[in-house]
Q: 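Quick one: this structure, given as structure tokens, is what I'll be asking you about.
Counting from 1, the numbers follow the sequence of the chain as shown. Just so we're clear, the structure is a prediction, and the values are computed from it rather than from any experiment. Values below: every heavy atom of this structure, side chains too, minus hydrogens, waters and symmetry copies.
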Amino acid sequence: MNIREITDGVTYVGVNDRTTDRFEALWPLPNGVSYNSYLVKGKNKTVLIDTVEIGAVRDLIRSIINQIGTKQIDYIVVNHMEPDHSGGIPVVLDHFPEAKIVGNKQTIAMVKGYYGIEDDRFMEIADGSTLDIGGKTLHFILTPMVHWPETMMTYIEENGVLFTGDAFGTFGALNGGVVDSEMDTDWYRYEMYRYYSNIVGKYGRFVQRALDKTKALIINYICSTHGPVWHDEISKVVEIYDQLSRYESEAGVTIIYGSMYGNTAEVAEEIGRQLAARGVRKIKIHNASKSSLSDMITDAFRYEGLIVGSATYSMHIFPPVEQFMIAMETREIKNKVIATFGSFTWASAAIKGINDYVAKLNINVVDTLEMKHSAKEETFAAIARLADNVVAALKLVD
């Protein structure tokens with residue numbers, strides 16, 4: 001049981017998942033993931049903030065009983081309805097039959113739709129509603145589309161605790177510590193970039209609205225539903241979310257390529273060498289057939305430059321590269337310096353396909369290079385030109 005009192009009357013009762021291979025059946029979990037749940041004890045009432053994935057609910061129940069014994073939970077606040085947080089609701093209600101589910105109108109409709117729970121189990125709240133539980137006042141802040149339409153946050157003004165749902169979350173299980181001050185958080189920062197870009201990335205403007213609604217609050221703890229509880233590093237993680245949701249980048253270039261027999265790969269490697277020779281220090285090169293889509297999306301979000309190349313495959317983009325371009329279109333990526341390259345043997349198709357995707361993003365391509373068969377002297381001259389044009393367009397330098 002990973003139980004930890006965070007501050008007076010607020011206790012972490014979440015669970016770790018070190019078994020699931022892929023989050024949402026898509027995103028790799030090499031370091032696992034935590035499902036975070038919290039108990040809030042007032043003088044009059046006890047509240048559970050979010051539950052956990054159904055496979056982990058037994059451990060959640062044990063942790064709750066460890067804290068409250070034979071007492072009842074009075075309310076279950078549902079900040080986010082995705083099943084990794086709401087899946088345990090029916091089981092929790094079986095153990096604590098007096099509990100009311102607290103949520104907004106859309107939350108309640110989803111709980112009914114997923115779990116068939118009856119009307120008399122709900123307390124509907126609106127944006128700005130409050131709930132007094134005795135010495136603690138819960139304020140409800142609706143944050144739609146961060147990243148589902150029902151998402152909301154819950155704030156305890158007496159403790160300065162903000163329960164944020166998936167916002168400020170990370171991949172990665174908790175390794176003993178719960179609060180950031182108890183652990184080395186360096187690797188969680190990358191997992192935050194990966195989590196945001198993979199899961200939340202499409203919804204930047206809604207994240208900005210949520211940040212605006214919470215910026216006047218005095219926040220001592222950010223309690224997300226995944227990853228560490230943020231305390232010492234609140235300003236840093238808010239800065240990361242602000243930057244990512246504005247589609248602002250760091251200095252650096254990401255190169256994504258798809259190659260069947262190594263000719264397109266040779267171009268990608270030479271582009272990387274030419275960029276390094278021109279002073280670019282952060283260069284990430286991904287073979288789309290081998291790198292995970294998760295890592296490619298993360299680096300594309302994080303760094304200002306993006307160079308995409310593909311061999312022509314059955315008169316289309318090489319499939320793993322097209323999957324990456326679909327991910328960019330889905331996330332409506334912005335503010336990038338983009339160049340493209342392609343290759344073909346008898347008929348050209350890949351380069352047009354990539355450029356068509358870029359056009360949908362309303363981003364100008366700073367240079368395009370196309371190669372027939374294999375690299376020749378003119379190919380290397382074109383690579384040097386492409387590197388020059390990319391570096392000239394970059395606004396950020398190390």
Side-chain angles (χ1 to χ4, degrees), residues 247 249 251-280 282-289 291 296-297 299-301 303-396:
Y247 297 91
S249 304
V253 176
T254 302
I255 301 171
I256 309 291
Y257 75 89
S259 182
M260 288 177 282
Y261 300 110
N263 293 300
T264 311
E266 182 181 10
V267 175
E269 297 290 347
E270 182 61 20
I271 291 172
R273 283 191 288 271
Q274 293 287 345
L275 290 173
R278 287 158 174 77
V280 180
K282 292 180 181 178
I283 302 169
K284 302 287 187 178
I285 301 179
H286 289 283
N287 177 349
S289 295
S291 290
M296 291 191 289
I297 293 170
D299 286 339
F301 255 80
Y303 298 109
E304 182 185 11
L306 177 59
I307 302 174
V308 184
S310 172
T312 294
Y313 186 86
S314 296
M315 294 306 294
H316 288 281
I317 306 171
F318 193 55
V321 177
E322 181 154 32
Q323 187 181 26
F324 169 77
M325 293 307 300
I326 291 170
M328 294 297 96
E329 181 187 7
T330 300
R331 285 157 182 78
E332 301 173 6
I333 200 164
K334 297 176 177 65
N335 303 328
K336 297 296 172 184
V337 172
I338 294 184
T340 60
F341 64 101
S343 65
F344 67 98
T345 296
W346 67 90
S348 170
I351 194 68
K352 180 181 182 303
I354 295 171
N355 287 342
D356 285 346
Y357 275 108
V358 177
K360 293 176 187 177
L361 297 169
N362 294 315
I363 300 175
N364 292 325
V365 176
V366 301
D367 202 349
T368 293
L369 179 163
E370 187 168 46
M371 175 183 73
K372 185 174 182 179
H373 299 150
S374 62
K376 302 171 181 64
E377 184 177 347
E378 61 267 25
T379 309
F380 291 101
I383 291 171
R385 181 203 68 218
L386 183 145
D388 282 337
N389 289 333
V390 168
V391 170
L394 293 174
K395 298 182 180 65
L396 305 172

Q: Is there a donor-acceptor pair under 3.5 Å between the side chain of Arg278 and the backbone N or O of Gln274?
A: yes

Q: Could you tell me the separation between the CD atom of Glu270 and the CD atom of Glu266, rounded to the nearest 0.5 Å?
A: 8.0 Å

Q: What I'd like to find out is whether the side chain of Lys282 reaches to under 4.5 Å of the side chain of Tyr303, using heavy atoms alone.
A: yes

Q: Are Tyr357 and Ile326 close enough that some pair of their side-chain heavy atoms sits under 4.5 Å apart?
A: yes

Q: How many angstroms lie between CZ in Phe380 and CG in Leu369, if you round to the nearest 0.5 Å?
A: 10.5 Å

Q: Of the non-hydrogen atoms in Thr345 and Lys372, which two are nearest, and what is the gap between them?
A: O-CE, 3.5 Å

Q: Any idea which heavy atoms bring Val267 and Met371 closest together, and the distance?
A: CG2-SD, 3.8 Å

Q: Between Ile285 and Ala268, which heavy-atom pair has the shortest distance, and what is it?
A: CD1-O, 4.2 Å

Q: Looking only at non-hydrogen atoms, find the nearest pair between Thr254 and Asp299 and report the distance.
A: OG1-O, 2.9 Å

Q: Spell out, as yes or no, whether a donor-acceptor pair under 3.5 Å connects the side chain of Thr368 to the backbone of Phe341.
A: no

Q: Nearest heavy-atom pair of Ala311 and Ala350: which atoms, and what distance?
A: O-CB, 3.5 Å

Q: Do Ile271 and Val253 have side-chain heavy atoms sitting under 4.5 Å apart?
A: no

Q: Could you grab the distance from atom CD1 of Ile363 to atom CD1 of Ile333, nearest 0.5 Å is fine?
A: 6.5 Å

Q: To the nearest 0.5 Å, how far apart are CE in Met325 and CE in Met296?
A: 11.5 Å

Q: Taking side chain to side chain contact (heavy atoms under 4.5 Å, CB included) as the test, write out the residues that go with Tyr247, two or more places apart.
A: Phe301, Lys334, Asn335

Q: Rounded to the nearest 0.5 Å, what separation is found between the NZ atom of Lys352 and the CD1 atom of Ile317?
A: 9.5 Å

Q: With a 6.0 Å cut-off (strictly less than), is the heavy-atom count around NZ of Lys336, excluding the residue itself, greater than 12?
A: yes

Q: Please give me the minimum heavy-atom distance between Leu306 and Ala300, naming the atom from each residue.
A: CD1-CB, 4.2 Å

Q: Evaluate whether atom CD of Glu378 has more than 12 neighbouring non-hydrogen atoms of other residues, nucleotides or ligands under 6.0 angstrom away.
A: yes

Q: Check this for me: does any side-chain nitrogen of one of Lys360 and Asp356 sit under 4.0 Å from a carboxylate oxygen of the other?
A: no

Q: Sub-3.5 Å donor-acceptor pair from the side chain of Thr312 to the main-chain atoms of Met315, do we have one?
A: no

Q: May I have the step-by-step check of side chain to side chain contact (heavy atoms under 4.5 Å, CB included) for Glu322 and Ile354, ending in yes or no?
A: CA-CA 8 Å; Glu322 181 154 32; Ile354 295 171; over 6 Å; no

Q: Between atom CD1 of Ile383 and atom CG of Leu275, what is the distance when rounded to the nearest 0.5 Å?
A: 10.5 Å

Q: Between the main-chain N or O of His286 and the side-chain N or O of Ser291, is there a donor-acceptor pair closer than 3.5 Å?
A: no

Q: I need the full list of ring pair (Phe, Tyr, Trp, His ring centres under 6.0 Å) pairs touching residues 309-337, with sequence neighbours left out, sorted by first then second residue.
A: Tyr313-Phe318

Q: Between Val308 and Val358, does the side chain to side chain contact (heavy atoms under 4.5 Å, CB included) criterion hold? Intermediate values first, please.
A: CA-CA 10 Å; Val308 184; Val358 177; over 6 Å; no

Q: Between Glu304 (side chain only) and Lys395 (backbone N and O only), is there a donor and an acceptor less than 3.5 Å apart?
A: yes

